[in-house]
Structures are given as C-alpha cells and as structure tokens.
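Notes follow once the structure below has been shown.
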Amino acid sequence: MEKESNNILDEVTKGEYKYGFYTDIEMETAPKGLNEDIIRYISARKNEPEWLLEFRLKSYRHWLTMKEPKWAHINYPAIDFQDIIYYAAPKPKKELKSLDEVDPELINTFNKLGISLEEQKRLSGVAVDAVIDSVSVKTTFSDTLAKLGIIFCSFSEAVQKHPDLVKQYLGSVVPHTDNFFASLNSAVFSDGSFCYIPKGVRCPIELSTYFRINAANTGQFERTLIVADEGAYVSYMEGCTAPQRDENQLHAAIVEIVALKDAEVKYSTVQNWYPGDKDGKGGIYNFVTKRGICKGSHSKISWTQVETGSAITWKYPSVILMGDYSIGEFYSVAVTNHHQQADTGTKMVHLGRNTKSTIISKGISAGQSNNSYRGLVRVIKRAENCRNFSQCDSLLLGDKCGAHTFPYIRTENPTSIVEHEATTSKISDDQLFYCQQRGISTESAIGLIVNGYAKEVLQHLPMEFAVEAQKLLSVSLEGSVG
Amino acid sequence: MLSIKNLSVAIKGKEILKGINLEVNAGEVHAIMGPNGTGKSTLAYVIGGREGYEVTSGEIIYKGRNLLDLSTEERACEGIFLGFQYPVEIPGVSITNFLRTAINEQRKYQGLDPIPAAQFLAKMEEKKKMLELQDKLANRSVNEGFSGGEKKKNEIFQMAMLEPSLAILDETDSGLDIDALRIVATGVNNLRRPHNSTIVITHYQRLLDYIVPDVVHVLYDGRIVKSGGKEMALELEEKGYEWIKNSL
Amino acid sequence: MKQSLVPDGEKETMSTSIQTYSLTEKLTFHHGQHKHAFAGGDPVFAAEQRTNAWEQFTKAGLPHAGLEQWRGTNLDKSFETEYVFSTVPAGQGVDIESIFKCAIPHFETYLVTQLNGWYVYNDSPLHTLPNGMIVGSLASAMSRFPELIQNYYGKLSSESIEGLTALNTALALDGIFVYVPDNVTVDETLQMVNLLDSPENLMLHPRNLVILGRNAHLRLVQCDDSINHGITFINSVTEVFLGKDSSLDHYKLQNKDSHSTLINTIYFSQAEGSRLSSNAISLNGGIIRNNSLVKLEGENASAEISGLYLMDKNQHIDNRVFVDHSAPHCQSNEMFKGVLDDHATGVFNGHVLVRRDAQQTVAYQKNNNILLTDKATIDTRPFLEIYADDVKCSHGATVGQLDANALFYIRSRGISEASARILLMYAFAAEIINKISIPELRQRIDDMVKKRLRGELSYCDQCVLHCSAQENKVNFEIDMSKI
C-alpha cells in the first residue's frame, strides 16, 4: 500500500502527462454554443422525460442571471460559453447489449488507460462506469450488482429505468441554483454515473467511474448521483484524464451523495486531467461541485482526493451533517506544478447534534503554481456537541510558487469545539542532509519526504484504487500523444 | 582509509577547526574526545559533506580520493556513515521505506540491482534482533516521536543495514541509559571488520568502556592537542579537561 | 422620512417623495455643500488627496457584508441613523479637566485629547517638548510643517481602496499629530483620549498621524470614550510610521456605549529593525471594528499584534489584522482571544501576506474563542497567503468552551462553579493582559477584566478606565496563587 501511494505521488510530481493521447472515433456533436434549443437537443437525444427537460430549462434560465464567481485565488481569461460544444457522444448511440457492441477503438482507449471493460478479465473486483466526453460507454458488473439490488449504471440509463429515484434525489444536495457552474451543469449535463445501494446492503466491490475527455472544444458536464439507503455502505472511486491540447477545456461536473440513516459512503478521487504544459499552455479548467448530505443519524460521508491534474482546480467536496451523530471527512493532497492553479478545500456544515468532521489537507506547490486551501466549518445554533478538527499544511518546493490557506470558521453553538491548525514550510535542510548522508539522491529524498508528508491522506485511498491509480500512471506514452 | 591534513573549517566566517591532522587506518577505532564547543561535531559534518561549512585550508583523502570533491550522497555511497548527534525526524516516511530507498540508491551507485524484497526483510530481521529493536519500530516514521534512546539505537540500526566502511558516531552515547548504551556498543562492536573503521566522538569516557578504541584524540579549540592509547581516556576522565587546558 | 438636505428652492418639487436618503446620498450632499479643509487651508498635497479620496469613496462606497473584508460585520443599521456631520471646531478653550480626568493610580501620562474629533487645547494647538517631540493638532501641523507631513500623510491610507478610509481622507478636519525626532526616547506614556460630548448623533472622521524617527521610542495609549452622547459613528484613521530601529508600544482601550459604532483603522509602516507591539483591549461597545494594517518594509522588523475582547449583550467586535511581509527576516505574531456572552458576535480576520522576497519570514497567527451562550456567534478567518518558500508560518484558531476537566478540578477544591468559570476565563484572558508592558496600565486592565468577568463593569458615563470608581484595587475573590 505504502509503496503504491509513493509511486502515485512520484509519478505525478515528476512524470510527464501520460494520458494526452486522442482517440479517433466517430462522434456525434451538438453545434457550438448554448441556448434553449441546444438544451432541448441534448434532452431529446437522451430521450428524456418532460420533467427533466424542465429541470434543465429552469437551471439554464437561472444560470443566465448569474455571474461567474471571482472570489477564488485563481486567474484565467474569461471563458466564452458560446464557444463550447455542449454535447459530444461516440457513435453509434444505441443501447449496448454486450461488450461486443462497444466500438473497439473505445475499448482500446480504456485498455490504454489501464481500465479493462471486460468483466471476466478483471481480478480487482471493481465495477467501472466509463464515461467518454458526454456519454457513459460501458458499465461493468451491473448484472452482478443487480442481484444485490444495487443499481449502478449510467445516469442516462437511470433516467430511463429508475426515474422515480432520479427525480427524488436529483438536485436535492446541489440545487440547480447553487452556483454558477452547478447551474450550468444542471442545464447541460450529459451523462455520468448513478448508484443506489438499498437498505442494509454493503456493496461488496468498489464502484468506479472513469471520466475521459476526448473530443476537442467540448466541455464535459457529467453528473453523478449516489444514494446510500439506510444502513448501506459503498466505496466509490473516480478517475479522470484528457488529451493534451493547447486550448483550455472546461469541465464542470456535479457529484451528489445522499447518505440515509446509518449509511456510509466513501468517495475517492484521483484527479488527473491534463494540467497544461510546463509553460501553462492548455489544460483543463476543472470547476466542480461535489457535495454530500448525511441525511440520517449516524451516517458518514468521507471524501478522499488526490488532485494532481487540471490547469485550474476549483473544487470543494463538502458534507452537510444533518443527521445527529453523523460524520464528515475530507482528506486531500493537492499537488500543483508549473503554472497550475488550485483553489480547493471543503465545507463542513454542522446542522445535527453530536456531529463530527475531520479535515486533513496537504498542499504541495512547485514551479510557478499557486495552491490554495479554502474551507468552511460552520456550526449552527442547534448543533450541540459538535466537533471539528482541521489540519491544513502547505509545502513549498521552490521560491516561485505560492501556498495559501483560507479557512472560514463560523460557530454559533457554545458546546461545540472547532480547531484549525495550519503550517507552511519547505523541506528542511536537515532532512535533506540526513537522507543524502544515507546515500539517497536529492531528487529521491524530496520524493520520499513529500510522500511521507502526504501519507496521512494517501492511506485513506482504497487499496484497489491505489492499484488502479498506479496502473493509470504507468500507461505508456507510445504513439499516443494527441 | 581516511587521511585529514591541516584541515581548517569556518562557519559564517568564524574559524571552528584550525588545522586538523588525523590518520585512520582500516580496521581501527578512533575516539575523539573534548569539551563542548571545540569542533567535534563540525569535524563529523565536514566529513559528511554538510552545507554551510567552509573549508579554508587542508584536505580530506578517503580511500585515495579527495573527499571534498564528492557530494553528500556520493560520500555515503562510498561507505561513509554519519551517526547523528541529533537524528532528524522525517514524518510519514517509515524506516523500512527509508532504508530500502537508501540501500537501493547505494546499490545503484555501485552498479547493482535493487535488493530483493525477501533478502531485505531478512536482513532487517537479523539486524533488529542484534540491536534488540522492537518489531514495530521499523514501521514507524523515521525518528518521529522516538525517545532519545530509540533515536540513537535507530542510528546504529541504519549503520548495521548500510554496512559502511567508515562510521562516524557523533555523541552516540548522549542520552542513553546504561542498558541502551550496552546494546548500542554491542552493535558497534559486532559490526567491526578488519576493513572497516570507526570514529567515535564522545564527551565522556563511559562509552569507551564498551567500545575500546585503538587511538584516543583530544580535540580542543579546533585542534587535536593530544593523541594516545585507550588509557588516555581514563586519565582524561580522572583529571578532567582542565588538565589538557593547563598542559597547553 | 425625507430629510431637509435639499436647498429650499428645490424643496417643493421634491417634498412629495416619501423616500429617505441613504447615508451615501447624505454624505454626497454634505460633501457638495461644505468645503472640507484643515484649519488654515489644505496644503496642495492634502487637497489632492482629498479629491482623490472622494473619488475613491464614490467608487468603493460604504462597506457592506458582501465584501470579503467585511464578511460577518454588518453596518447597515449603523448607516440608518440620522447623523450630524459636525464641522464646527469644538476644541479650543475647553476645560478638559472639568469633563475628563484620567486617574490610573501612579500612571503619569502626557495627555492629549480630542473632543468630537477636534484637538483640545488652551493656548497653542501645537507643542514642541524639550526633547524635541511635537504633539498637537494635525490641522495646525499641516500648515506649520507641510514639508515634513507631505512625506507621510496619506502614504499608507491611499495604498488600498477601502470606502471608509477614503471617506475619512476626504472629510477629515482634525486629529492628533505626533512627531518623535531621531534618537529620542519618550519617557512619559502618550495618552490619546477621544472624547465625545454632544447630545446629537455624530458621525466623525478623526485623523491622526504618528511619526517615529530613527531609533525613536514611544509608548502610546489610545482611549475611546463617550461622555454625553447620542448615537455615534466614529470613523477614525491613524497612520503610524516607525523609522529605522524605532519602537512603539501601542494600546487601544475600548469601553464604549452599546449604541456607538467605532471604526478604528490604523496603518503601520515599519522600517528596518523597528519593533511594534500593538494591543487592543475591547471590553464594551456597540459595534467595534479594529482594522490594523501592518507593513513590514525593512529587514529585521518585528510586529506583535494582540487583542482581547470580552463582549456581551448585542455587542459586536471585529478585529481585522493584515500583515504584509515585504522584506526578508521579519517576524510577526498575532494573538487574539475573546469571550462572547449573550447575543454578542465576534469576527477575527487575520491575513498574513508573505511576498516573494520576504524570505526567512516567521509569522504566527492565533485566535482562540470561548462562546458562553448559544446566541453568541464567532466568525474566524485566519488567512495565510505565502509566496516565499523559506518561511516559518503557522496559524491556529479554536472555538470552544471552558475546559470541563479544569472546571471539575477547581470545583473539587471547594470553589463554586461560578467562581471557577470566572477563574478560567480570567486565565484565558491573562495571556493577553500579560503582554502589556506598562505595569500601571497592566494592573488597571487586569482589574477591569476581573470586574468585567464578574459582570460589575459595564459602560458608565465616566472614563474608559473607570478610575473615578471608589475602589481602585479590585480584590479578586479567588487567590490565583493558591490554584
């Protein structure tokens, strides 16, 4: 485990981007730009019910009244929202009965990424929903899971097959009015994963969504909804990559998690979108809204993220602790290099009594990058006996980068305890000398120390994902640079 | 093995070592004694290659090469081991991982393949036993939260794993109780080989009851002012450093 | 209700409107009607600053809770009051002793006072002391020493755009000027008292300037008092320049009435090797906003910024501290502690900026809070923004309550719960009190905090320090030494 986590960080801090290839597959795309017709087009392509079209349209109309948020510690040129393709799907667009029907090019793409879509070959016991550009191309293990009553399928499929569940929970955690990018997503979201774990079921395998942006000039607006019914448990993993391109591409996703009484959801991400080249050219703009709600008592939601990619990361996986005795956790390693900018953190909103949250954030800045932690801990009046502990450390590698910490703490209850600690430092000369004296080169020593620094977070990644992530990182670059 | 000639070293322009001469042959154990602040640790750091130490004159020849031309890690790969007076904490990095990295980097330097996992683990077991180390110690982060005694034992454990040609042990005895001192000394003695040398830097004679030196040097005010056999350490203990001071 | 802001001629056509004017509109009207200048006329540079500042104000406007720097502090209510923008000089010939007498036991200070924003004097508005220190009215100093003041006035306040600061620069009429020449150590503590004595609702913009030369040393105590007053809005701006190797011990004491709004903005500029210690003790007040902006411009400068706030009822305290590390090898240390009771609300907004060149910076930031009721609220935002790698920076913030174990321990020694609570709160506060380096002042504040914690100290019409009270020595009911 330790070795694997070490490798992950080593790879991402040192290595070149390995997933920059482009797959030449036939695509069906919507015309550039955004208006109500485009939204109707998307909805029609997906054969959606009227209520969902209405949801999209009201989101769009609300979005038109909103302004792009400017408060984050990031800089980027204005995004022309009319210069983006909002729908791109691999052809043919028909329901797939078996793997044989998936375009072999696509299977190859995922094989290259280390993700086998052929269930029988899989040993790791991970069910994968593979999303390319706007569309889920294949979900593995669905049938096995169905026997347990677990629904794991693409969002589009869920809309067709489980409309009541989707209707009940869509927008219940991230309302369509939530923020600029969330409203945009609510209007144009294409596909993503849907997952429902019934009462009392522990999902025996890791569920995973793999997101891939392939087409040029497209935005990716996927939407994930996870519902864990009473006493259910699921561990969910998300991975992402994109081809190397000179222009920036927008990714504005939403993840909603609902945990009912006694349920537990573990959500892990290795975010490895294309970060741009070393001069800051290209890369994904990653504006993502991720939020979970611990709706029932004794429920638990845990976010673990390893953020290494994207030119810009704007992301605050949050937990609303509504049920009494519910628990929220956030473990994050964010690495920025070259000209990357990350403004990431979490929100822990304590609404229920005896709720508990833990925030461990490790920022590592190198090159000319800027890496900010921004987090909110809020305890409302009725939330008695809450407990929060936050530890947000920053490590600076080099004197051209920036490391920032912006915690917001608001407490209205006298029986709660909120603690926040943060340090900013560089690798000490003493530590370097100590390693070197044992014969370890400077580069390895830095890798070793950085990994040690991030260990507290990496150890929360599921074992399978560590393996998966390692595989992703070892994808060969041969002839695949797009 | 090691030949130091007329070595002068300054820190931030202040001269700490003022013309050291020292010859250490293969298989020998040398003890360097002296009061606090006379430059003992400086000598260790200069041999180790720590930054911030300016060699103003003289040279250090190690195995026939000019040591001062080599980087810290090259010196380590050439077999120089420094047992730190104050071992450094590296949070999150387990001793196992640390040592494996160190051994493999040293092997790479020597043109060898990485050590097979089984062999590495067996070696760990063997050395742990020798130093009466608890099993769990190896899974803990390097020096983090260790007691003074644990840190020093860990230094000797690393030395046992890395098998250096020249070990410089800087105040390895400070902060050790009598049991720990015995274990550490036994470890050092077990590691003595005809082709290996050890320099023991200490303030007290106590350690030398266990690690018997071939030569004892007294470092005072940046110079080696007296050298002699192991009896000298006893004499020093009895008469105190005032004796050296007065005899100058 | 429509206000009589409009010239008579226009009144008839507009009086049908039932809308009230906003404070900004009233200020704009006031600004248009009155020529604002320091007595004796603005020197050119001050006049320019005034014009620019007014432009800045019209752009920035009054603060609102939507601004990041004002998050958690809402002045809307304060802005609704009908204020009088007094422009009549009120300082000359006032027998200050008849209305105010500071009597901290054995505390000899050089006392300067402002009454309703005007410097109070009898004979001369400006004094040069034997040691060369100049103290007096800023308005007078403007015309007496324009060359000196030109190098400092507005240098810090104009750097960042904040509506209220700009408003102060645009409307300021007087304040206190202090100049300590090179190599002068001022033995006496300088005490600046800001008095309000008016039945009307006043909005004032006092403006102070403090200049410390090379190797100059000063202790400065700033007190804010009200005597006979309506609802007040004080928007005070002070610029302080610390020359090379100079030092300043600065104290702010705030014990105001509960319907006043006090915006206390202080800019500090620190040259090489200078040392600043600034301590804000806020015991009562309606809305208090302490805005301390420290710029470490020379190497090896150090700044220690601390504060203690004990608030209850509906009081609101907002401590904003911005420390700008522009030069290498500087140190800053922020420590703010507060106890909030009843419906009191508190904000701490610390922001440490370490610029790229400010290597070897050491910066600490700490904010600890105790909430006593479920109606009290605290917002704390300790920010670090760091662009240099060789730094030691850390911050910590806590919100909690009194340590249950400690409470139990004390009670197990036979001490009542009420006393045990007071004792623990006192112990919590003592860390800040002990930073006060003037023994007499420390003793007095110590007494006040004890009284405050026992609920005996609330706002009264006497001085901020309540020295007219019969008992000077407060006997604390628990002997600390026995615990």
Side-chain angles (χ1 to χ4, degrees), chain A residues 70-73 350 363 365-366 368-429, chain C residues 66-68 71-72 339-343 345-404:
Chain A
K70 290 285 176 227
W71 43 262
H73 195 89
H350 293 259
S365 325
Q368 285 156 281
S369 68
N370 269 298
N371 197 335
S372 306
Y373 166 82
R374 186 184 304 276
L376 169 78
V377 175
R378 170 133 198 231
V379 181
I380 67 155
K381 267 187 209 344
R382 72 173 286 275
E384 286 161 16
N385 299 315
C386 297
R387 187 82 176 83
N388 160 267
F389 176 75
S390 307
Q391 171 83 45
C392 307
D393 296 330
S394 305
L395 194 65
L396 288 144
L397 307 178
D399 58 2
K400 301 269 188 300
C401 49
H404 320 301
T405 318
F406 304 118
Y408 297 71
I409 300 163
R410 184 179 170 88
T411 311
E412 297 165 11
N413 188 292
T415 59
S416 295
I417 299 176
V418 178
E419 282 175 277
H420 171 96
E421 285 173 16
T423 59
T424 302
S425 54
K426 64 169 197 164
I427 292 173
S428 82
D429 292 342
Chain C
L67 297 172
E68 179 72 32
R71 196 186 261 258
V339 180
L340 300 166
D341 202 351
D342 300 335
H343 288 79
T345 49
V347 174
F348 172 75
N349 178 199
H351 189 156
V352 172
L353 169 65
V354 180
R355 293 183 193 269
R356 190 130 286 157
D357 298 330
Q359 294 291 2
Q360 308 257 311
T361 288
V362 178
Y364 298 110
Q365 207 181 26
K366 195 168 143 190
N367 175 229
N368 302 126
N369 298 282
I370 291 179
L371 294 185
L372 296 178
T373 73
D374 63 0
K375 306 287 189 300
T377 303
I378 179 73
D379 253 301
T380 172
R381 307 192 295 277
F383 287 2
L384 295 174
E385 188 179 355
I386 297 167
Y387 298 94
D389 64 335
D390 193 4
V391 297
K392 281 203 187 86
C393 297
S394 74
H395 66 189
T398 60
V399 183
Q401 54 277 171
L402 299 174
D403 181 347

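Protein chains get the first letters and strands the later ones, always in sequence-line order, with residue 1 at the start of each.
- Going from atom OG1 of A:T415 over to atom CD of C:Q401 covers 6.0 Å, rounded to the nearest 0.5 Å.
- Between A:H404 and C:L384, the closest side-chain pair of non-hydrogen atoms is not below 4.5 Å.
- Contacts between C:T373 and chain A at a heavy-atom distance below 4.5 Å involve the backbone alone (N, CA, C, O).
- Here the straight-line distance linking atom CD1 of C:I378 with atom CG of A:N413 works out to 14.0 Å at 0.5 Å rounding.
- Across all non-hydrogen atoms, the minimal contact from C:Q359 to A:D399 is NE2-CB, 3.6 Å.
- With a 4.5 Å cut-off on non-hydrogen atoms, C:Q365 does not touch chain A at all.
- Counting heavy atoms from C-beta outward, C:I386 and A:L396 have side chains that approach closer than 4.5 Å.
- If you take NZ on C:K375 and CD on A:E412, they are separated by 11.0 Å, rounding to the nearest 0.5 Å.
- The residue among C:G72, C:A388, C:P382 with the most heavy atom pairs within less than 4.5 Å of chain A is C:P382.
- Within the 4.5 angstrom heavy-atom criterion, only side-chain atoms of A:N370, from C-beta onward, approach chain C.
- Ion pair A:K381/C:D374 not flagged as a salt bridge, since none of the NZ, NE, NH1 or NH2 atoms sits closer than 4.0 Å to an Asp/Glu carboxylate oxygen.
- Atom-to-atom distance recorded for C:E385:CD and A:T405:OG1 is 10.0 Å, nearest 0.5 angstrom.
- Within the model, atoms NZ of C:K366 and NE2 of A:H420 stand 14.0 Å from one another, a figure rounded to the nearest 0.5 Å.
- Counting only distance, with no hydrogens or angles, the side chain of A:R410 and the backbone of C:T377 share no donor-acceptor pair below 3.5 Å.
- Ranked by non-hydrogen atom pairs under 4.5 Å with chain A, the options C:L372, C:V391, C:D390 are led by C:D390.
- Only the backbone of A:S416 comes within contact range of chain C, judged by heavy atoms closer than 4.5 Å.
- At a 4.5 Å heavy-atom cutoff, the contact between C:E68 and chain A is made by side-chain atoms alone.
- Residues C:T398 and A:I417 have side chains not in contact (no heavy-atom distance under 4.5 Å, counting atoms from C-beta outward).
- Counting heavy-atom pairs under 4.5 Å between each of C:G346, C:G400, C:S394, C:A397 and chain A puts C:A397 at the top.
- For the pair C:R381 (side chain) and A:F406 (backbone), a donor-acceptor distance under 3.5 Å is absent.
- Here C:F383 and A:Y408 bring their ring centres to under 6.0 angstrom of each other.
- We find the NE2-SG distance between C:H395 and A:C392 to be 6.5 Å, quoted to the nearest 0.5 Å.
- The two residues C:V399 and A:I409 come nearest to each other via the heavy atoms CG2-CG2, 4.2 Å.
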